[in-house]
Amino acid sequence: MADAKRLKLYRNIGIIAHIDAGKTTVTERVLFYTGRSHRMGEVHDGTAVMDWMEQEQERGITITSAVTACLWRGHEIHLIDTPGHVDFTIEVERSLRVLDGAIAVFSGVDGVEPQSETVWHQADRYHVPKIAFVNKMDRVGADFDSTVRQIEEKFRTIPLPVQLPLGAESDFRGVIDLLGMQQITWLDETLGAEFETGDIDPELLPAAVEARENLVAKLGEFDDSLMERYLEGDEITGADLIPVIRKLTLDLKAVPVLCGSALKNKGIQPLLDSIVDFLPSPLDVPPIEGINPQTKEVEQRLSSDAEPLASLAFKIVMDQGRKLTYARIYSGVMRVGADVLNVSKQSREKVSRIFQMHANKRERVETAGAGELVAIMGLKTATTGDSLCDPAKPLLLEPVEVYEPVISISVEAQTRPDQEKLLDSLSKLSEEDPTFRYFENADTGQIIVSGMGELHLEIVLSRLDRDYNVRVRAGKPQVVYRESITGEAEGGAVFDREIGGARHFAGVDLFISPRERGLGNQVLNKIRDESIPESFFPAILQGIQDAFSSGTISGYPVVDIGVDVFGGTFHENVSSELAFRVAASMAFRNGFDKAGPILLEPYMSVEILTPEEFLGEVLGEINMRKGRVENIVARKAIQVIDAVVPLSRMFGYSTSLRSSTQGRATFTMHFSHYDLASQA
């Protein structure tokens with residue numbers, strides 16, 4: 001099959017890492033050495049091709065995942081550069097959902113950092129095979145062996161170092177290739193585009209031989225024929241090892257580890273070779289599965305142009321007021337002018353244009369086949385996670401998991417023209433970013449916007465001004481609380497009212513109890529005496545879901561509660577779905593008030609890296625902010641503190657930490673769990 005031959009040469013990969021590990025610099029070098037771009041962009045001076053937003057160039061960080069494609073050794077590599085900052089974790093999540101493989105970039109100085117762990121586990125959840133690239137080997141304090149050990153310990157995986165660094169810190173000049181047993185040095189005068197291979201320096205040879213023996217022995221544990229040859233003393237070439245490493249990588253049993261310095265233009269070409277050699281093509285990953293909405297049966301689609309079209313919208317971008325839908329095509333062919341069915345929204349739409357993307361530049365194509373990442377224009381209803389399929393063969397794919405926002409601020413327009421554009425602009429921003437929400441408070445008239453952190457909301461306000469020309473005043477950040485209960489209680493209510501000339505009657509009795517933190521809400525039908533016909537239970541369920549949206553303390557959403565509906569009252573001819581929905585909502589509120597309602601707030605996992613001399617000040621401040629220190633580990637001259645702190649106490653912490661440690665300490669935080677609100 002022609003498309004099988006094409007697909008074998010495809011690699012859909014993402015670059016994932018902690019913030020500032022060098023993902024975008026690695027991507028820029030990949031584009032330069034593959035000939036995709038003709039100049040080398042730099043993050044620090046705002047010229048990186050993949051960081052094209054003004055906000056990214058100013059801050060020197062990646063905010064939105066950018067898609068591009070390049071060629072290497074006859075293979076077409078589709079590449080997504082993802083953000084490292086925890087506030088933009090949805091960008092990583094939706095990218096990993098549609099990718100087949102990933103390069104995890106680590107700083108050789110800092111090793112495995114908190115956000116590295118987050119993105120690694122996100123990749124594991126989607127069964128994405130990975131290569132590790134230990135970057136910044138030219139920096140003072142870079143330690144390849146330590147990073148490899150951390151990968152093994154923290155991710156409980158088998159790292160397979162296929163290279164050793166050649167030289168250290170400022171003397172770093174290349175790598176020792178353990179597969180071909182040769183050393184590779186890069187020529188600075190060619191910006192790393194050219195390199196020389198040669199024999200390994202005699203003083204480094206013993207360490208290289210030992211490392212290769214360890215690699216072959218480790219691989220032999222998984223491959224009997226390789227072990228036999230190893231024990232018999234046969235010569236084993238790099239070509240013998242590559243298929244074994246590839247299989248272990250695809251099975252998520254091991255991770256090849258490479259090293260280099262992207263900023264100093266060293267180590268990128270072998271990384272490209274490893275993408276081709278070790279990461280999967282669309283044919284290597286299991287067929288995509290989904291649910292047929294008509295039969296409710298699970299169906300599969302092979303990665304082939306001959307199959308019916310099945311694709312997933314994984315990102316929405318508003319481009320000069322027009323909607324651009326990024327999609328991964330899993331099977332079939334998408335054509336300009338053809339109809340597609342948005343299975344998630346049950347709406348038919350026409351594909352007006354298809355683009356191959358290169359960051360924010362695009363190239364029009366008439367068709368796109370299985371395995372491709374494309375951008376589509378013309379889809380009005382599509383949102384992140386929607387399934388776009390052949391109208392005759394619908395398939396509902398697993399959507400992208402979306403995180404709940406944890407921080408809110410109020411915004412108000414500065415002028416009347418701004419006021420008129422504000423809601424429309426917020427609507428477009430929320431369509432692009434599922435972790436950004438907004439609503440108008442009916443009581444106060446305030447518009448409340450919610451996001452994943454202070455930086456997230458700062459970027460949203462900046463985009464309102466620059467992209468939509470809407471100026472707003474922002475209130476102070478507010479934490480998004482939740483409500484729950486501490487005890488058990490029964491709740492009951494009767495609704496009996498005349499509406500529109502007709503009587504509506506219903507009675508509902510229920511029992512509510514607390515569930516473990518993080519388990520969410522659960523509603524069970526425990527009606528055994530037929531006091532309420534089964535047909536009314538969906539209306540009761542809807543009424544309770546309505547009540548979950550706002551508790552009785554401060555109107556925050558209600559979480560971690562079990563509800564058992566055990567009885568009620570029904571009258572023939574006057575009972576209605578409306579009455580049961582309202583009665584159920586009233587009964588829940590009645591029980592909630594009696595069950596010891598409490599306020600919960602988001603707690604954040606915080607990791608602080610501080611020089612030892614400031615340890616006391618840092619611990620004192622965590623204590624002052626009602627935090628709980630869970631672990632302190634020494635990492636060379638740095639102390640690593642793991643703590644859990646209420647989000648409400650973390651505002652302004654960045655400035656405070658800098659001033660108390662002379663700017664030498666850093667921290668990262670991400671959402672941990674909801675728990676009892678701390679007292680002032």
So do [Y] and [X] actually touch side chain to side chain, heavy atoms under 4.5 Å?
X	Y	result
E488	P514	yes
S550	R589	yes
I316	K323	yes
L388	L379	yes
D546	V582	no
L423	Y438	yes
F580	Q542	no
L429	D433	no

Nearest heavy-atom pair of S425 and V470: which atoms, and what distance?
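Heavy atoms of S425 and V470 come nearest at OG-CG2, 3.5 Å.
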Between the main-chain N or O of G518 and the side-chain N or O of D560, is there a donor-acceptor pair closer than 3.5 Å?
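Judged by distance alone, yes, a pair lies under 3.5 Å.
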Under 3.5 Å, is there a donor-acceptor pair between the side chain of Y603 and the main chain of G627?
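Side chain of Y603 to backbone of G627: no pair is present.
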Any carboxylate oxygen within less than 4.0 angstrom of a Lys/Arg side-chain nitrogen, looking at D424 and K428?
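Yes, charged N to carboxylate O under 4.0 Å.
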Partners meeting side chain to side chain donor-acceptor pair (under 3.5 Å) with D529 (sequence neighbours left out)
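Result, side chain to side chain donor-acceptor pair (under 3.5 Å) vs D529: S531.
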Between S311 and R301, does the side chain to side chain donor-acceptor pair (under 3.5 Å) criterion hold? Intermediate values first, please.
CA-CA 10 Å; S311 63; R301 294 277 193 276; over 6 Å; no
Report the residues that fulfil ring pair (Phe, Tyr, Trp, His ring centres under 6.0 Å) with F548, sequence neighbours left out, ordered by chain and then residue number.
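Ring pair (Phe, Tyr, Trp, His ring centres under 6.0 Å) list for F548, sorted by chain: F588.
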Got a sec, which residues hit ring pair (Phe, Tyr, Trp, His ring centres under 6.0 Å) with Y481, two or more places apart in sequence or on another chain?
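Ring pair (Phe, Tyr, Trp, His ring centres under 6.0 Å) list for Y481, sorted by chain: Y556.
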So among R328, K345, K380, which one has a salt bridge (Lys or Arg N to Asp or Glu O under 4.0 Å) with D386?
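Between D386 and the candidates, salt bridge (Lys or Arg N to Asp or Glu O under 4.0 Å) is satisfied uniquely by K345.
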Taking everything shown except R473 itself, do over 12 heavy atoms lie less than 6.0 Å from its CZ?
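Enclosed: over 12 neighbouring heavy atoms sit under 6.0 Å from CZ of R473.
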Given side-chain contact (heavy atoms from CB on, under 4.5 Å), test F314 with I80 step by step and report yes or no.
CA-CA 12 Å; F314 67 92; I80 298 184; 4.1 Å; yes
H504 and F495: aromatic ring centres closer than 6.0 Å?
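No; F495 has its ring centre 6.0 Å or more from that of H504.
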Parallel under 30°, tilted from 30 to 60°, perpendicular over 60°: which one fits the rings of F536 and F570?
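Tilted.
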Picking from I512, N521, V565, what satisfies side chain to side chain contact (heavy atoms under 4.5 Å, CB included) with I544?
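So, applying the side chain to side chain contact (heavy atoms under 4.5 Å, CB included) to I544 and each of I512, N521, V565, only V565 qualifies.
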